[in-house]
Amino acid sequence: MKIFNTLSNKLEEFVPIHKGKVNMYICGPTVYNYIHIGNARPVIFFDTVRRYFEHKDYEVKFASNFTDVDDRIITKAIELEQKEIEISEKFISAFLKDVERVNSSTDYIKPKVTEYMDEIIAYIGMLIEKGYAYKVEGDVYFRVQHVKDYGVLSNRNVEDLISGSRVEINHKKENPLDFTLWKKTEVGIQFESPFGKGRPGWHTECVAMIDDIFKEEIDIHGGGSGLMFPHHENEIAQSQVLNGHKIARYWMHNGLLNIKGSKMSKSEGESILVKDLTIDANAFRLFTLSTQYRSPINFSDESLDVYSKEWDKIVRVYKQLFLKLDLEDMLEGTAKIDPDLLSIYKSFLQAMDNDFNTPNAITELQNLVKKANQLVRAKTEPNILLSALKVFNDFFDVLGLKIEIKPMEKENKEIYKLWIKARLEKDFDNADKYRNILQENGII
RNA sequence: GGUCCCGUAGCCAAGUGGCUAAGGCAAUGGACUGCAACUCCGUGAUCGCCGGUUCAAAUCCGGCCGGGACCUCCA
């Protein structure tokens with residue numbers, strides 16, 4: 001299994017630190033607003049990564065944080081005359097609803113900054129103690145020049161960063177690249193610390209959380225490519241000097257979602273919120289996973305329509321398989337694999353093994369649809385139909401797709417059989433009648 | 001100003017040194033069909049442009065054109 005590691009900029013064979021286990025951490029949202037569909041991309045993608053590892057029988061420990069202390073939350077709290085916690089709690093539950101809405105698991109470790117204040121303060125304290133950070137007028141900054149290879153992740157060198165800097169010079173800093181670990185604040189929520197009253201900077205929370213949750217270097221750290229610099233770079237810098245490792249063996253970054261040629265951003269309008277999506281979650285997942293995760297996706301209503309249709313097609317053939325097996329009471333039977341099905345299944349795994357190539361995996365799903373349509377019409381033996389159904393279930397499991405279908409009740413099953421019989425006997429009046437009943441009962 | 005990425009048929013999108021450049025949508029021809037819906041089979045690109053390296057390039061190198069990202073909060 002190969003993963004593209006942003007740290008080395010290469011495709012690397014995945015070797016877990018502990019055999020059979022994967023520890024992964026994904027940077028989560030700052031909870032000051034509803035998430036837009038661009039924010040949903042990492043949610044869906046890394047959920048799929050997790051599902052695939054689990055499909056391969058890895059034991060996955062998955063954590064993703066909530067940044068619930070941030071200037072934007074404070075600003076919003078003041079604006080709405082509410083407490084910060086009311087804002088953050090509201091958007092945490094909204095976020096989790098959205099995660100569910102896109103068929104992603106909410107069963108993971110969810111640390112919050114407010115619950116990790118002690119660890120964060122302790123982490124900053126250690127950085128100061130060892131000389132990697134310094135206090136100035138109630139602020140604490142990290143000394144970037146102490147990190148030899150600052151810039152490894154995002155492929156930048158310190159000189160370029162300084163010369164190209166558009167940042168306003170902050171005279172409190174020893175070096176313009178130094179970043180804030182603790183910020184003295186006058187407005188909004190404040191926390192007590194040995195450095196004074198204020199709030200932590202953004203870059204320490206993830207390191208402190210990972211340190212506490214996993215106690216060691218982890219396998220995968222993921223997030224959107226927008227986080228690579230400076231956030232992930234700064235995480236690495238802190239961990240490098242304090243823990244002697246770069247937090248994770250494999251760093252994975254997803255590309256952005258663009259709308260009308262430029263990125264969808266919370267700060268620049270033109271956002272489509274996940275909660276406002278009218279498209280089926282499965283179709284939306286297909287849309288998201290139809291582009292390799294590192295490439296940008298161009299959003300358009302047209303592509304959404306394409307995947308809606310695609311999903312409908314998948315549902316139709318799946319239901320046909322299911323009903324056919326149900327009629328013959330073969331849903332619990334023994335599956336018999338067909339060579340074509342086997343090769344589709346293998347190609348699917350191959351695609352996923354190659355840096356989670358979900359577009360190619362989806363192509364195999366389409367091949368499966370075609371094959372299943374042929375099997376359904378060819379009076380195939382039920383054992384083979386059953387294996388087709390099982391392959392579908394495996395693919396759905398990995399891609400996070402869901403079809404709600406239950407075995408028919410006895411009554412419907414009888415009507416279904418009558419329908420088939422009437423058609424065979426060319427008794428079309430009755431055939432139409434039975435078909436109507438089945439449609440009304442939601443069977444077909 | 002600095003750093004970096006991308007440009008494959010009408011649209012979406014794989015492939016990143018080597019058999020005839022996957023797949024989907026749309027279009028079009030055909031098959032199946034009691035009707036409706038569905039479904040299956042066939043048909044299209046020499047890979048932004050120019051030059052170079054190589055026995056061989058969409059894939060590597062250089063230049064140009066076009067689009068985008070990052071350097072500041074951002075998935």
Side-chain angles (χ1 to χ4, degrees), chain A residues 9 11 26-30 32-33 35-46 64 67 70-72 75 151 154-157 159-168 176-177 179 202 222-231 233 253-258 260-268 271 286-287 289-300 302-310 312-313 316-317 319-320 347 351 354 357-367 369-378 422-429 431-432 435-436 439 444:
Chain A
N9 253 305
L11 211 52
I26 311 302
C27 283
T30 299
Y32 70 102
N33 208 340
I35 61 164
H36 59 64
I37 57 177
N39 302 113
R41 190 174 186 192
V43 169
I44 292 173
F45 174 67
F46 289 108
S64 183
T67 300
D70 181 274
D71 281 350
R72 287 165 293 179
T75 309
S154 52
N155 259 312
R156 287 154 208 257
N157 62 61
E159 293 82 64
D160 286 344
L161 282 168
I162 294 171
S163 69
S165 182
R166 297 190 309 209
V167 194
E168 254 180 75
L177 291 183
F179 55 88
W202 177 37
S225 58
L227 296 181
M228 205 153 82
F229 188 89
H231 185 52
E233 201 67 71
H253 292 94
N254 64 273
L256 303 178
L257 185 145
N258 295 332
K260 290 176 187 161
S262 55
K263 71 170 180 172
M264 189 172 287
S265 150
K266 282 186 198 172
S267 46
E268 292 165 31
S271 285
L286 284 177
F287 161 75
L289 297 173
S290 281
T291 300
Q292 214 279 344
Y293 75 90
R294 286 183 276 125
S295 302
I297 296 184
N298 269 310
F299 175 85
S300 72
E302 200 191 346
S303 12
L304 238 42
D305 284 347
V306 167
Y307 292 102
S308 267
K309 277 203 281 192
E310 194 60 46
D312 290 343
K313 186 170 175 175
R316 272 194 298 270
V317 69
K319 283 192 171 170
Q320 281 186 61
S347 301
N354 183 24
N357 193 325
T358 51
N360 283 346
I362 287 171
T363 295
E364 294 311 322
L365 175 59
Q366 289 170 325
N367 287 338
V369 167
K370 187 174 284 185
K371 179 67 189 172
N373 268 314
Q374 289 164 343
L375 291 175
V376 162
R377 274 147 215 263
R423 269 186 305 167
L424 280 173
E425 290 167 357
K426 298 197 189 298
D427 175 5
F428 300 122
D429 287 343
D432 287 351
R435 181 169 66 185
N436 284 338
Q439 275 169 344
I444 52 171

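From a predicted model like this one, the values you see are computed outputs, not experimental measurements.
Residue contacts for N357(A): at a heavy-atom cut-off of 4.0 Å it reaches the sugar-phosphate backbone alone, with no base atom in range. Counting any heavy atom pair closer than 4.0 Å across all strands shown, R377(A) reaches a base atom. In this structure, L227(A) reaches the sugar-phosphate backbone alone: every heavy-atom distance under 4.0 Å involves primed, P, OP1 or OP2 atoms, never a base. Among the heavy atoms of the strands lying under 4.0 Å from T291(A) are primed sugar atoms or P, OP1, OP2 only; no base atom is included. Residue contacts for G28(A): at a heavy-atom cut-off of 4.0 Å it reaches no nucleic acid atom on any strand shown. Residue Q292(A) is classed as a sugar-phosphate contact, given heavy-atom separations below 4.0 Å to backbone atoms only. Residue-level contact check: G226(A) touches neither bases nor backbone, having no heavy atom under 4.0 Å from any strand.
A sub-4.0 Å separation between OP1 or OP2 of G34(B) and a side-chain N or O of R423(A) is absent. Contact check, N39(A) against A75(B): a side-chain N or O comes under 4.0 Å of OP1 or OP2. The side chain of K313(A) places an N or O atom within less than 4.0 Å of a non-bridging phosphate oxygen (OP1 or OP2) of C40(B). At C41(B), one or more side-chain N or O atoms of Q374(A) fall inside 4.0 Å of OP1 or OP2 (strictly under the cut-off). Here K370(A) reaches the OP1 or OP2 of C41(B): one of its side-chain N or O atoms lies under 4.0 Å away. Phosphate contact (OP1/OP2 of A14(B), side-chain N/O of N360(A), threshold under 4.0 Å): absent.
Ranking C11(B), C25(B), U39(B) by closeness to the K309(A) side chain, first place goes to C25(B). Taking only side-chain atoms of M264(A), from C-beta outward, the nucleotide of A75(B), C38(B), A14(B) with the closest atom is A75(B). The side chain of A431(A) lies closest to G34(B) when the candidates are G34(B), A75(B), G23(B). Checking C35(B), A22(B), A75(B) against every side-chain atom of R435(A), the shortest atom distance belongs to C35(B). Distance from the side chain of P359(A) is smallest to A14(B) among A14(B), C25(B), G34(B).
Side-chain contact between L286(A) and L365(A) is present, with at least one heavy-atom pair separated by less than 4.5 Å.
Distance NE2 (H231(A)) to P (A75(B)): 10 Å, rounded to an integer number of Å. Atom CG in L286(A) sits roughly 13 Å away from atom C1' in C25(B) (whole-Å rounding). Between the CD1 atom of I35(A) and the P atom of C73(B) there is a distance of 22 Å, rounded to whole Å. For the pair N258(A) CG and G68(B) C1', the computed distance is 7 Å after rounding to whole Å.
Remark: the separation of the P atoms in U54(B) and C64(B) is 23 Å, to the nearest Å. Atom P of C12(B) sits at a distance of 13 Å from the matching atom of G7(B), rounded to the whole Å.
Under the 30°/60° scheme for interplanar angles, the aromatic rings of F287(A) and F299(A) are found to stand perpendicular.
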